[in-house]
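Input: a single structure, listed below in structure tokens.
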Amino acid sequence: MTDFVEELNWRGMLHNYIPGTEELLKKEMTTAYIGFDPTSDSLHVGSLAQIMTLRHFQKAGHKPLVLVGGATGMIGDPSGKSEERNLLNEETLAFNLAGIRKQLEKFLDFDPSLPNCAEVVNNYDWTKDYTFLDFIRDIGKHITVNYMMAKDSVKKRINAEDDGTNATGMSFTEFSYQLVQGFDFLWLYENKHCKLQMGGSDQWGNITTGTELIKRKLSGKAYALTTQLITKEDGGKFGKSEKGNVWIDASKTTPYEFYQFWLKVSDTDAKKYIRIFTELSKDEVEKLIAEHELAPDTRLLQKTIAKEVTVLVHSLEEYNTAIEASAILFGKSTRQAIENMSDSTIESVFSGVPVFNIQPAAEPWNILDLLTSVAPVFASKGELRRMITENGLSINQEKWTKADGVVSDSDFIRNKYLIVSKGKKQHFLLKISN
RNA sequence: GGGGAGAUUCCAGAGCGGCCAAAUGGGGCAGACUGUAAAUCUGUUGACGUACGUCUUCGGAGGUUCGAAUCCUCCUCUCCCCA
């Protein structure tokens, strides 16, 4: 059985915790929860760090609760936001919750025969019938506005002018958020014996409102533990690719794209991510880093992370296909190599890249029409021309330089497939369907 | 309820009657160098046409003018301050 706090610590995931948390975890099997934001019907790689936290927690012999925020999702957490959030409607939320719940089941052990089996809870269940009056009398009474205003997430929005940020104001709704989240903790404390809430470091303020509430209302002792927010070397937001968020759901982000996302991570980030997103032991990690540094160009770390995470989130088969596709698209393979592949191999290898099905045509296509209207790889002809001028367009792995050229059936591999590349990293497949 | 500030192209933010498809910065995309890394440099970033050019854009609707993102009127929304 591993020591949870120590485990997070060496992995560089630990941010802060209330004194006594470590002792509590050593003393008894503890129940803890992490809340997930239901703003989409799928989790994305940003949530993956929290999932890993829960996995470590369960491995350490404790009981993880996953809270899907049906209620809090309706309000919107102001932490880290400089603007008021859009509210989701009930239907969307219900749909999103179902999607997320399903995904989580893959990462934790929900077997009810285990004493520390994971459970999913939805705060909508215990808030939906709670009246406003009850809430402000029984919950709001215990927390002062002064206390709530002192939270960074609130201060930041209220003192926007003083510190020169452009944050906009904050509605009462968002202001109440911490109290609603605190109420969740209170409820779980009373009903599920849950003594600990975890979350990203941006959740510290919200979590401690919960522990405070438990202390004042029940004279109980609850704990908090936060993890480091995942950062990127360049300061950008972690978890985005050219196409936006990187999702766990294969229909939103294909396993190939998912694999590529991890493979493209920078060296500096890779050293952090290998500890956060894989479950390799400390020795293995240190060995890999040392090995990577001897020959950084082999990108051993990126490959290891990509493998571990893709296999965990998708499967070994998907991972193998992703490697195969990567080898073709980024390797030196020529048109000839692809000519020799079977249709089904091509289809599976390219299953990760965007595919455009097009109709056969009597006349050859003008390249401009083909790639903007027949198969809209590019948003406009201007953009495509620019790309060609900049030497960024490749067809079937060969540079395309003629702005006004035509493409005919015979340019398609076996009269059927055409690989279009935008620069070096973005690939598309055009397929003539009969 | 009163007073003030503001709404500009992905974002921030200039422009304040013609020289504005709109400065500058950020971001994005591409190229060079590399290792599908980092850093750096270069180009590019409304649409259509190879191009001189044409068209649609500066919260919305009208108006003034040869001509408006820029002036006027009304409307909508946002923020701040005072009650």
Suppose we define a pair by two distances each less than 3.5 Å, Watson-Crick or G-U wobble; what does [N] pair with here?
N: A39(B); result: none
N: C16(B); result: none
N: C58(B); result: none
N: C48(B); result: G53(B)
N: G1(B); result: C82(B)
N: A22(B); result: none
N: A68(B); result: none
N: G6(B); result: C77(B)

Does the gap between the ring centers of [X] and [Y] come in under 6.0 Å?
X: Trp247(A); Y: Phe258(A); result: no
X: Phe428(A); Y: Phe378(A); result: no
X: Tyr256(A); Y: His427(A); result: no
X: Trp365(A); Y: Phe412(A); result: yes

Which residue lies more 5' along RNA chain B, comparing Ser266(A) with Met387(A) via nearest heavy atoms: Met387(A)
Please tell me which of Gly392(A) and Lys424(A) maps to the more 5' nucleotide of RNA chain B, matching each residue to the nucleotide holding its nearest heavy atom. Gly392(A)
Donor-acceptor pair under 3.5 Å, Glu383(A) side chain vs U45(B) base: no
Phosphate contact ([N] OP1 or OP2) by [X] side-chain N/O below 4.0 Å:
X: Arg385(A); N: C48(B); answer: no
X: Gln426(A); N: U36(B); answer: no
X: Lys422(A); N: C29(B); answer: no
X: Ser380(A); N: A47(B); answer: yes

Taking [X] for its side chain and [Y] for its backbone only, find out whether a donor-acceptor pair lies under 3.5 Å.
X: Gln50(A); Y: Ile34(A); answer: no
X: Thr226(A); Y: Ser201(A); answer: no
X: Asn396(A); Y: Glu398(A); answer: no

[N] and [M]: how far apart are their [atom1] atoms, nearest whole angstrom?
N: A22(B); M: C58(B); atom1: P; result: 15 Å
N: G15(B); M: A7(B); atom1: P; result: 11 Å
N: G27(B); M: C11(B); atom1: P; result: 16 Å
N: U24(B); M: U44(B); atom1: P; result: 12 Å

Interatomic distance where [atom1] belongs to [X] and [atom2] belongs to [N] [whole Å]:
X: Asn391(A); N: C29(B); atom1: CG; atom2: C1'; result: 14 Å
X: Lys232(A); N: A38(B); atom1: NZ; atom2: C1'; result: 13 Å
X: Lys381(A); N: C55(B); atom1: NZ; atom2: C1'; result: 15 Å
X: Phe428(A); N: C29(B); atom1: CZ; atom2: P; result: 12 Å

Side-chain contact, heavy-atom cut-off 4.5 Å: Lys151(A) with Thr208(A)? yes
Can you list the residues that meet the salt bridge (Lys or Arg N to Asp or Glu O under 4.0 Å) rule with Arg216(A), with sequence neighbours excluded? Glu212(A)
Any luck finding a side-chain donor-acceptor pair between Asp184(A) and Trp126(A) under 3.5 Å? yes
Within residues 298-306 of chain A, find the residues that approach RNA chain B with a heavy atom at under 4.0 Å, and present them sorted by residue number. Arg299(A), Gln302(A)
Gap separating the NZ atom of Lys287(A) from the CD1 atom of Ile289(A), nearest 0.5 angstrom: 12.5 Å
Nucleotide by nucleotide, 5' to 3', does protein get under 4.0 Å of the base (B), only the sugar-phosphate (S), or neither (-) in nucleotides 39-44 of chain B, counting heavy atoms? ----BS
Nearest to side-chain heavy atoms of Leu263(A), which nucleotide of G35(B), U36(B), G31(B): U36(B)
Using a 4.0 Å heavy-atom cut-off across all strands, classify Asp267(A) as base, sugar-phosphate, or nothing. base
